Trainee: 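Pasting a structure below so you can have a look.
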Amino acid sequence: MDGPGPLGDFLQARRARLRPEDVGLRDFGSRRRVAGLRREELAQLAGVSVSYYARLEQGMSRGASAEVLDAIARALRLDDHERGHLDRLAGAARRTPRARRPRPEKLHDETRDLLRTVDAPALVLGRRSDVLAWNALGHALLGGHLEFHAPEDPARRPNTSRMLFLDPHCRELYADWKRKIRAVVGSLRIAVGKYPEDPLLAELIGELTMKSPEFVALWGDHRVRPCDAESYELRHPVVGSVRLTQQTLSIARSPDQSLIVCTTPAGSPDEQALALLRQVAYMS
């Protein structure tokens, strides 16, 4: 194994985030050579031996029990999302990697019917943040500079993560672009934990690492946070400023996919802006 692996990387990043005073330890002013807690301090807090914790962080131990993971999670003060991520990484570390040829993600007819009935900007994302489909208003709002039928071809599918980091149009679309990309990276971290053997997901991470210094900085933080519901201001080239909430909904028929719906308050100027965009979208 080269390097500590995803589990070790995550543990190191979370350990570096904590200071001695955060966990009730005294810092006697000695010069610290590491950011955050030392391994022996974290091991002491978790009630495990230093050598065992070191092996876990270095990727040399794959058999951590649920009790040990519980203790480490408490010592690192992980929230629920981070604890779930820790469990997924530990589970993946126990498995023997198997080479699998990825299959193109498909959209079920029921999901396409659901998307057609949504009277708001909406799109369906796959597990790698590929756009599997969007309705006319979702396309006009978030990807009007791209071909509407592009999601139908797996080789040409837009990818929202790639778009947000590498597409100048999407970068200009979000007034607070930095907050949006932080949310995207948090979701990608969860995806990597769920699908550690997905080569196409690994290729996406590799491409963003090579092409975007902003991605590299955020990826190194190991942030874990799902994009459930967030409000953003968009600076749309057709209808101007519009503030909306992007909500992520699970799809029972396809648990690896999600429905993203953009909503605005009733009677607001933002709703009027979407009504104008709807007219433009259906005229084109």
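These values consider heavy atoms only, across backbone and side chains, with no hydrogens, waters or symmetry-generated copies. Everything numeric in this text was worked out from a predicted model, so none of it was measured.
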Trainee: Between CG of L259 and CD1 of I251, what distance do you get to the nearest 0.5 Å?
Mentor: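 These two atoms lie 5.5 Å from each other.
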
Trainee: Applying a strict under-4.5 Å side-chain criterion to I, L, V, M, F, W and Y, I'd like to know whether L114 and L249 cluster together.
Mentor: yes

Trainee: Give the cluster check for V124 versus L137: same hydrophobic cluster or not, with ILVMFWY residues linked at side-chain heavy-atom distances below 4.5 Å.
Mentor: no

Trainee: Hey, are D176 and K180 close enough for a salt bridge, meaning a charged N less than 4.0 Å from a carboxylate O?
Mentor: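 Between K180 and D176 there is no salt bridge, as every charged N stays at least 4.0 Å from the carboxylate O atoms.
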
Trainee: Let me check something: do V118 and F148 share a hydrophobic cluster, defined by ILVMFWY side-chain heavy atoms less than 4.5 Å apart, either directly or through other members?
Mentor: no

Trainee: Between D221 and R182, is there a salt bridge with N-O shorter than 4.0 Å?
Mentor: no

Trainee: Got Y195 and R128 here, is their nearest side-chain heavy-atom distance under 4.5 Å?
Mentor: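 Y195 does not reach R128 side chain to side chain.
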
Trainee: When you look at F165 and K211, which way does the side chain to side chain contact (heavy atoms under 4.5 Å, CB included) test go after all the steps?
Mentor: CA-CA 9 Å; F165 279 98; K211 296 180 178 179; over 6 Å; no

Trainee: Compare all side-chain heavy atoms of L141 with those of L274 and state whether any distance is below 4.5 angstrom.
Mentor: yes

Trainee: Is it true that a side-chain atom of H236 and a backbone atom of V238 form a donor plus acceptor pair closer than 3.5 Å?
Mentor: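 Checking the backbone N and O of V238 against the side chain of H236, a donor-acceptor pair under 3.5 Å is found.
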
Trainee: Strictly distance-based, threshold 3.5 Å: is any side-chain N or O of S187 a donor or acceptor partner for the main-chain N or O of V184?
Mentor: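 No; judged by distance alone, with no hydrogens or angles, the pair does not exist.
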
Trainee: What closest approach, in Å, do P255 and A252 show between heavy atoms, and which atom pair accounts for it?
Mentor: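 Shortest heavy-atom separation between P255 and A252 comes out as CD-O, 4.0 Å.
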
Trainee: In Å and rounded to the nearest 0.5 Å, what is the CD to CG distance from Q12 to L7?
Mentor: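 Rounded to the nearest 0.5 Å, the CD-CG separation comes out at 10.0 Å.
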
Trainee: Starting at CD1 of I181, measure out to CG of L218 and round the result to the nearest 0.5 Å.
Mentor: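 So the gap between those two atoms works out to 5.0 Å.
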
Trainee: Taking the side chain from R171 and the backbone from L166, do they hold a donor-acceptor pair closer than 3.5 Å?
Mentor: no

Trainee: Could you walk me through whether L142 and T160 satisfy the side chain to side chain contact (heavy atoms under 4.5 Å, CB included) test, starting with their C-alpha distance in whole Å, then the side-chain angles of each, then the deciding distance to 0.1 Å, before giving a yes or no?
Mentor: CA-CA 9 Å; L142 301 174; T160 56; over 6 Å; no

Trainee: Please find the pair of heavy atoms, one from Q246 and one from C262, that lie closest to each other, and give the distance.
Mentor: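 Shortest heavy-atom separation between Q246 and C262 comes out as CG-SG, 3.7 Å.
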
Trainee: Ignoring hydrogens, what is the shortest heavy-atom contact between G267 and Q272? Give both atom names and the distance.
Mentor: O-NE2, 4.2 Å

Trainee: Measuring only between side-chain heavy atoms, which start at C-beta, is L173 closer than 4.5 Å to L164?
Mentor: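 No, side chains not in contact.
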
Trainee: Which value, rounded to the nearest 0.5 Å, describes the distance between Y52 atom OH and E57 atom CD?
Mentor: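 Atom-to-atom, Y52:OH and E57:CD are 12.5 Å apart.
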
Trainee: How close do R88 and K194 get, heavy atom to heavy atom, and via which atoms?
Mentor: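 Answer, listing the atom of R88 first, then K194: CD-CG, 3.6 Å.
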
Trainee: Would you please name every residue forming a side chain to side chain donor-acceptor pair (under 3.5 Å) with R162, sequence neighbours left out?
Mentor: E207

Trainee: Side chains of S129 and N159: donor-acceptor distance under 3.5 Å anywhere?
Mentor: yes

Trainee: Work out which heavy atom in L18 is nearest to a heavy atom in A75; give both atom names and the distance.
Mentor: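 Closest approach of L18 to A75, heavy atoms only: CD1-O, 3.5 Å.
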
Trainee: With a 4.5 Å cut-off on side-chain heavy-atom distances among I, L, V, M, F, W and Y, is there a chain of contacts connecting V224 to V216?
Mentor: no

Trainee: Tell me whether D130 contacts the main-chain N or O of L132 through its side chain, where contact means a donor paired with an acceptor under 3.5 Å.
Mentor: no

Trainee: Kindly indicate whether the side chain of R156, heavy atoms from C-beta on, has any atom under 4.5 Å from the side chain of E147.
Mentor: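 When only atoms from C-beta onward are counted, E147 and R156 do touch, with a gap below 4.5 Å.
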
Trainee: Is the closest side-chain heavy-atom distance between H169 and P237 below 4.5 Å?
Mentor: yes

Trainee: Are R83 and D80 within salt-bridge range, i.e. N to O under 4.0 Å?
Mentor: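 No, no charged N to carboxylate O under 4.0 Å.
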
Trainee: How would you list, by chain and number, every residue that makes a side chain to side chain contact (heavy atoms under 4.5 Å, CB included) with T263, sequence neighbours excluded?
Mentor: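 Residues passing side chain to side chain contact (heavy atoms under 4.5 Å, CB included) with T263: T245, Q247, V261.
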
Trainee: Ignoring hydrogens and geometry, is there a side-chain-to-backbone donor-acceptor pair from W177 to E172 under 3.5 Å?
Mentor: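 It does not hold such a pair.
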
Trainee: State the CG-CG distance between L201 and L188, to the nearest 0.5 angstrom.
Mentor: 7.0 Å

Trainee: Got a sec, which residues hit side chain to side chain donor-acceptor pair (under 3.5 Å) with R179, two or more places apart in sequence or on another chain?
Mentor: E230

Trainee: Can you tell me if D109 has over 12 outside heavy atoms packed within less than 6.0 Å of its CG?
Mentor: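 Not buried by this count: 12 neighbours or fewer within 6.0 Å.
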
Trainee: Return the CG to CG distance between L76 and L42, rounded to the nearest 0.5 Å.
Mentor: 4.5 Å

Trainee: Mind checking whether F10 and L78 have side chains closer than 4.5 Å, heavy atoms only?
Mentor: yes

Trainee: If two hydrophobic side chains count as joined below 4.5 Å and joins carry through other members, does L125 share a cluster with L107?
Mentor: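 No: no chain of side-chain contacts under 4.5 Å links L125 to L107.
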
Trainee: Step by step, would you call V68 with Y53 a side chain to side chain contact (heavy atoms under 4.5 Å, CB included)?
Mentor: CA-CA 10 Å; V68 168; Y53 179 76; over 6 Å; no

Trainee: Any carboxylate oxygen within less than 4.0 angstrom of a Lys/Arg side-chain nitrogen, looking at R157 and E105?
Mentor: no

Trainee: Test side chain to side chain contact (heavy atoms under 4.5 Å, CB included) on V131 and H139; report intermediate values, then the result.
Mentor: CA-CA 10 Å; V131 179; H139 170 253; over 6 Å; no

Trainee: Looking only at heavy atoms, what is the nearest atom pair of T209 and I205, with distance?
Mentor: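 Smallest interatomic distance, heavy atoms only, reads OG1-O, 2.7 Å.
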
Trainee: Would you check if Q58 and R39 make a side-chain contact, meaning some heavy-atom pair closer than 4.5 Å?
Mentor: yes

Trainee: Indicate yes or no: at least one non-hydrogen side-chain atom of V242 is less than 4.5 angstrom from one of E233.
Mentor: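 Counting from C-beta outward, V242 and E233 never come under 4.5 Å.
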
